[in-house]
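Each residue takes its place number in the sequence, starting with 1.
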Amino acid sequence: MSATLDRDARSHKHQRTVSEDGQQLLEEADKSHSRTVRSLSRDASGLKRTLSTCEENFPTVLPVQLDVVRGPERLPADEESKEMLKGKLRILQVDSVELNALFTELCAHVLSINSEEKVIFLTFQTFEEIWKFTTYYTVGMFCMENFLLDQKFWLNTLEEDIAIEVSCQEETLNLIYKGMLMQEGSLFARCSANQMFDSSTFGGDLYLEQGDIAQFEPPFLGSGWTVLCLADGARGTAPKPALEPVIPFHQKYVVSFNHFHFQSLLMVPFIFSYSARGTCLATVEYDAKGPDELSLAPGDRIIIVGFLVSCFDWFTGRKAATGEVGLVKTNLVKPSSDIYNSEDIFLEVEDGRFFSVQEDRVIEETISLLKMKAQNDTGHIYKLDGLSGKGETQHTDLKRNIQRILGQGKNLSASPDSTVNMNSSLGHSDLPTEAKDPSPPCFTVHPVVKGNSTENFMPLFSFLEGRDYKVEFGILYRLSSELIDSSIFSGHSDEDELIAFLGVARETARKKRLLWSQTRLCFLLGKLCLGRSKFSQARVYFEEALSVPRENFTDLRLLASIYSNLTAIYLLQKYTENFFALSERLIALLLGIPDCLVSLEDNSVLKYILKKAVLSHNKKAEARACYLLAKHHWARTEAAQSVPYIERLLVLNAEAQRTWSFPLSHGYLTLGRLYSDLCLPHLSVSSARRASLLPSATLSECLSSMVLVLDNVNKLNRMEEQKASIPPQVAPFLYQALSFTKVKEQGRDQYHVLSHQLTVCLCQLFNKHKMVAHAISQMHNLINKSPPNVPITVTEENSILIWLAWLHIENNQPSVALDILDLVLSAMPEHCTTPQEGVVLNMRGVALRRMGDFQRAAESYQTAVDICQEYNDLPNCAVAQANLGLLCLKAGAKNLAHRHLTEAVQVFSELDEEGHGANFITVLLELGQLYVKQQQLHYGKGCYEWALLLAISANLLDCQLTAIRKLCHLYTYESPDQAHCIIYSQQQVQLLRRTGDRGQEGDVLEAISQLCLTLGTEKAYRAALDYTKSSLAIFIDLGFKEKEAYGWLQAGKIYHLLGQTELVDLYVQVAQDVALSTGDTKFTLKLLEAAGDIFFNSCQGRDKAITFYRDRALPIAVKSRCVRTRLRLCNKLTEVTLNLKLYREAIEFAKTAMDISMTLGEHLNERVAYHRLASLYHFVDQHELAEHYYLKTLTLCPTPLEFDEETLYYVRVYQRLGDILFYNLKDPFDAAGYYHLALAAAIDLGNKRSQLQLCTRLATIYHNFLINRELSLFFYQKARGFAAELNVRRINISPDQHLGDPQPPHKQHVAA
């Protein structure tokens, strides 16, 4: 730390900015990047290639600009908000652990922070990081408010939209992306213009049109770029082609795909729109080659089932004439007059949601969760009084509404202990939208023997036969081979016996022409063989299932299941042509019939849809593919794998010109859940916040988002779920949910209960963050707008009203609180007392004490004590006793206060249960303060230390800080002990670091530095220097310019004490520069004077003080008309120049000080100026002027004299005047007069030594100069008497002893 600050001082840098100029940092990074050797790995032989030096350089650092914006128009916020953002960034420059964790989730690495420019510089290491970062940036996942704004931000901005706007240079990001792709050796890119490539090696030139996607390889060893056409596999070269890399998501899902199966793309005439709906017309005659196809005749009208996507070979259609449904080739039809381009990617029968929640259940679980998290003990725990002032306010409407609510409460028949039970966690309350599936059928397997009876297969045939789809079939199609073996069939010993039984059944169905039974049996046999990894045998069964002669394949779910299993086998066995041909058919079903998605075995066909849609530039098809992929993984409980597809779906939705039926709020909420499962809490919170802010958000989504934020913020804060309270980040969700409930208030009672609980939680947040007025306002709205007969128990109502009364007490409105408490008290049963009545009476005593009615307050407290004793409620009894003690303390009855407080301490000390530590600590601190005021310091210290130990054991940081501050005050003022004070101050620093209050931490460090300086040893000085530098670093981070300037100055002062003069000037100069940067003239003047004081109060280098006083501070004081500062500076300059024997300059400064003092009309300063000027004239041998100003000084002295110091001053001044007249002006007559006056003052003072000196001089004058033997003898005898008393052996009154001119006496400094 010391070395760092020394370097900072030498370079005059008082801002700890890692990067002062972002552009310069980018340029340096670019230069470094251009020198880097890039290796490519392309060929199987592992040839390493180096990029050509003529290629353009790519940046490696991305600057991200932050700013505070306000409102939906995203207008810049005020300067105060911007300065707050800068301050937070300064802190993150030093401690960026949390920021690094955030950007790690965002797949970026923080390089540096420029707090003044509000810029964060990021780097990336892999292509995947850029892909993810770009996605998060596009969909708005940068929730920076958690780090860069105070906790109160969430509460202060409920009614106005304030956020941290994150922006980056997309061109720079694209260049970084391109450079990273080139490092990897190859990239997929679009041609940004029509261009030719030299393809002589392959027999001709290669022509690519604008927008075509191809694979490019960067040049090496001076060669040109190499291009690979994805359509036909042709290669070409060009020196510098016009290309633009495809987006990272496309790069990810295109780079690993072979090119030859896309050759058909060039053969498909794109005569349709990207996603066609409606009808089309057949153009040629076509005979169906299988039961899954439709036979066509020219002019047949075909109704498109689902979507007709032009880049795929088949689509699902329905003949308008016959109603038959089957597959139709895309190139055999043409658009009709009523065909249209679908603006949506979803079908009418699709919901588009990944999960569904029931609003009633969400509300019920939210109420239970909030009750658990926001438990309020005000209704049954006594409150300890503080010693605040009093205030008065009246609320007539509030009083009437409270009476109405209490009147309703008497009529409620609900049990006071009734609660809402939480049956399950709200985090993943996925509820099916369909009815529960029926139980699967079960069949008995009979042994296979020759001549098996057909009767054994009849139950199976009766179930499997039928051309149409049934729900039971859907269960069968989805089951795995293991479940088919175990849940559908029974009575067999192993799987071989089951396969044999089904084989015989299949043969029997074939002979009896039960075609649908045969088809489905083939499907089951194929599934069983596939489960046993007998892929060829399974392929035979599945192909047979397709080839069974039928007039039409109406069970499309079965068809999709057969297609799915066959494509998986074809892909595994590398039957490429069969795979793509069958995939095109399966795609037609997936795009037409949403239920077919559940039949897929893997996602290979869905990835094929995605890649073909990307290469065809069909964004709607791409979005549909992303949705199907995400839905597929979600249904297979592979939710984590669906994340990139949902992210891409949101990006495409944002880019679409029109909004799809896909609810964005649901998409963000889904991502939030997935991020939470993947332990990405920052992204989860960001997603939840985005979901709740969208217009499509519903009440259930808002509540689910709130619970998601609550869970993940607690994870970020590392809090256990049981101990976690509601964080302020939840406040916007509470507020938004309240707005939903206000719209639905006319509905069921459930909304009223939810509104009640949301308001209570929001009020608790306001109260926790010292925003009591806001909490009261919310509670008043709840009470004033509460409808009749809300299903809330009487106990809950009373608890809320008691809490409202406490809020008014904390807001210095005790009269309003008293009215509320009286109403609650009057509504309680009269025939018996209850524990809650004691709570009301105790709080009533607090309100009365705040109003100054000590008598009634004492009565109320005593009644509360009696109730506690009746119910043996020791914890509340201790609080009531403590309140009585505080009341007596306020009334001045210290003995009674001591008795009640000690009784409270005794009761608290005997309690075993937890939860009362804060009250116990408060009572101990009050008792300790009482002991200290009574000078019983030992007992006071014991109470303080006991309170500290309790706070440490209970881990109550605020109580620990309060106890330590009490101890520091004790050891500083009451019982000074620097060692103990330093120890407790160090402990205070540790606590402040835990709380994150860096401002107070810096102040305490500076206080420790001052304590170390008072020890006066070199070791203490060096310790003080370390503490000063630590506080200085904090003040720099927080942007506290004034404290920073004083920190630099204090460090310079300590270096001066240590004798390291080479560093003193550097630190003082930096302090001066920081002071000047504030633009505050008065502060700058004050600091310059303090800088001069370093040398003024030292015995070394005092001449340097003149530079600061005369050359720097004095001109500013004159210009700013700071008269008193100018007077102080002139007095200091007079003394310094006098000490340096610069008498003429000293006289000028003294005259200026005299003039200023006369202008101010302050006699003390004027007298000091005259005295100092007289002393100066005495030094320069202008004795007449010296006499004149000494006499002027005496005229300003107060009369009559009240203090011995004033009389002593008279003695010295008159003696000085006598000396001037006698020694310098040779006037013994006038000198004798001054000596007589001095002697009179000395006699009055009783100063015998002064009387000895004065009598001796008078005896000398009268004996040798004025020739008065009588007076000479008189003063000589007096002198002999004083000499005897003072043991002075000899008195010499000879004239030779006094004829010389003695040295002027040393100056006497009188502080201004």
Side-chain angles (χ1 to χ4, degrees), residues 381-390 770 806 809-810 812 814 839 841-854 857-858 860-862 864-865 868 874-911 915-954 956-975 984 988 991:
I381 299 296
Y382 285 19
K383 287 293 184 180
L384 190 64
D385 187 14
L387 297 177
S388 303
K390 59 181 181 179
K770 310 301 180 184
W806 181 251
I809 290 175
E810 289 191 331
N812 290 329
V839 175
L841 288 168
N842 177 76
M843 193 174 294
R844 188 170 177 272
V846 175
L848 289 169
R849 204 283 302 165
R850 299 286 181 94
M851 295 171 64
D853 193 344
F854 293 171
S860 189
Y861 284 145
Q862 189 59 52
V865 170
C868 290
L874 294 181
N876 285 334
C877 183
V879 175
Q881 288 284 3
N883 282 335
L884 273 171
L886 294 175
L887 177 65
C888 295
L889 193 63
K890 186 71 175 178
K894 295 182 179 180
N895 292 332
L896 279 175
H898 177 267
R899 191 187 75 180
H900 287 297
L901 290 175
T902 51
E903 288 179 2
V905 168
Q906 183 177 358
V907 174
F908 273 125
S909 63
E910 295 173 355
L911 295 177
H916 310 288
N919 286 337
F920 190 9
I921 293 167
T922 303
V923 174
L924 280 172
L925 293 176
E926 291 292 340
L927 182 59
Q929 187 172 350
L930 177 60
Y931 280 130
V932 170
K933 289 182 178 179
Q934 294 177 345
Q935 293 302 310
Q936 301 181 35
L937 302 182
H938 181 71
Y939 291 108
K941 182 181 71 172
C943 290
Y944 290 161
E945 291 176 347
W946 190 1
L948 178 59
L949 291 174
L950 288 174
I952 293 173
S953 64
L956 300 173
L957 295 184
D958 292 340
C959 294
Q960 291 181 52
L961 282 171
T962 305
I964 287 178
R965 285 167 183 160
K966 295 279 188 183
L967 284 165
C968 288
H969 184 272
L970 174 70
Y971 287 118
T972 302
Y973 300 103
E974 306 297 338
S975 179
Y984 284 117
Q988 187 177 353
L991 292 175

Exercise. Which value, rounded to the nearest 0.5 Å, describes the distance between Arg965 atom CZ and Leu967 atom CG?
Worked result: 12.5 Å
For this session: Kindly give the heavy-atom pair with the smallest separation between Cys888 and Ala897, and that separation in Å.
Result: CB-N, 3.6 Å
For this session: Applying side chain to side chain contact (heavy atoms under 4.5 Å, CB included), run through Ile921 and Trp946 and close with a yes or a no.
Result: CA-CA 8 Å; Ile921 293 167; Trp946 190 1; over 6 Å; no
Exercise. What's the spacing between Leu956 CG and Leu948 CG if we round to 0.5 Å?
Worked result: 11.5 Å
Exercise. Can you tell if the side chain of Glu926 reaches within under 4.5 Å of the side chain of Val923, non-hydrogen atoms only?
Worked result: no
Exercise. Are the aromatic rings of His969 and Tyr973 close, with centres under 6.0 Å apart?
Worked result: yes
Exercise. Is there side-chain contact between His898 and Leu889, with at least one heavy-atom pair below 4.5 Å?
Worked result: no
For this session: I would like to know whether Ser909 and Phe920 meet side chain to side chain contact (heavy atoms under 4.5 Å, CB included); could you show each step before the answer?
Result: CA-CA 8 Å; Ser909 63; Phe920 190 9; 4.1 Å; yes
Exercise. Hey, what do you get for CG (Asp385) to CZ (Arg849), rounding to the nearest 0.5 Å?
Worked result: 4.5 Å
For this session: Identify the heavy atoms of Ala904 and Gln881 that sit nearest to each other, and give their distance.
Result: CB-CB, 4.1 Å
Problem set entry | Any side-chain heavy-atom pair of Glu903 and Val907 under 4.5 Å | no
Exercise. Quick one: does Asn883's side chain have a donor or acceptor within less than 3.5 Å of a partner on Lys383's backbone?
Worked result: yes
Problem set entry | Test ring pair (Phe, Tyr, Trp, His ring centres under 6.0 Å) applied to Tyr939 - qualifying residues, sequence neighbours left out | Tyr931
For this session: Answer whether the closest heavy-atom distance between the side chains of Ile381 and Asn876 falls below 4.5 Å.
Result: yes
Problem set entry | Validation row: Lys941, Ser975 side chains within 4.5 angstrom (heavy atoms) | no
Exercise. Say you draw a straight line from OG1 of Thr962 to NZ of Lys966; how long is it, rounded to the nearest 0.5 Å?
Worked result: 8.0 Å
Exercise. How many angstroms lie between atom CG of Leu884 and atom CG of Leu901, to the nearest 0.5 angstrom?
Worked result: 9.5 Å
Exercise. Sub-3.5 Å donor-acceptor pair from the side chain of Tyr861 to the main-chain atoms of Val846, do we have one?
Worked result: yes
Exercise. Is a donor on one side and an acceptor on the other found under 3.5 Å between the side chain of Ser860 and the backbone of Ala857?
Worked result: no
Problem set entry | For the student: nearest non-hydrogen atoms of Gly928 and Cys943, plus distance | CA-CB, 3.6 Å
For this session: Look only at the side chain of Asn842 and the backbone of Ala864, and say whether a donor-acceptor pair between them is shorter than 3.5 Å.
Result: no
For this session: Side-chain contact test, heavy atoms from C-beta onward, threshold under 4.5 Å: evaluate it for Glu974 versus Gln935 and give yes or no.
Result: yes
For this session: Give the minimum heavy-atom separation between Arg850 and Pro814, together with the two atoms involved.
Result: CB-CB, 3.7 Å
Exercise. Which heavy-atom pair separates Tyr944 from Leu925 by the least distance, and what is that distance?
Worked result: CE2-O, 3.6 Å
For this session: Give, for atom CG of Leu924 and atom CG of Asn919, the distance between the pair rounded to the nearest 0.5 Å.
Result: 11.0 Å
Exercise. Taking C-beta and beyond as the side chain, do Glu910 and Leu874 meet within less than 4.5 Å on heavy atoms?
Worked result: no
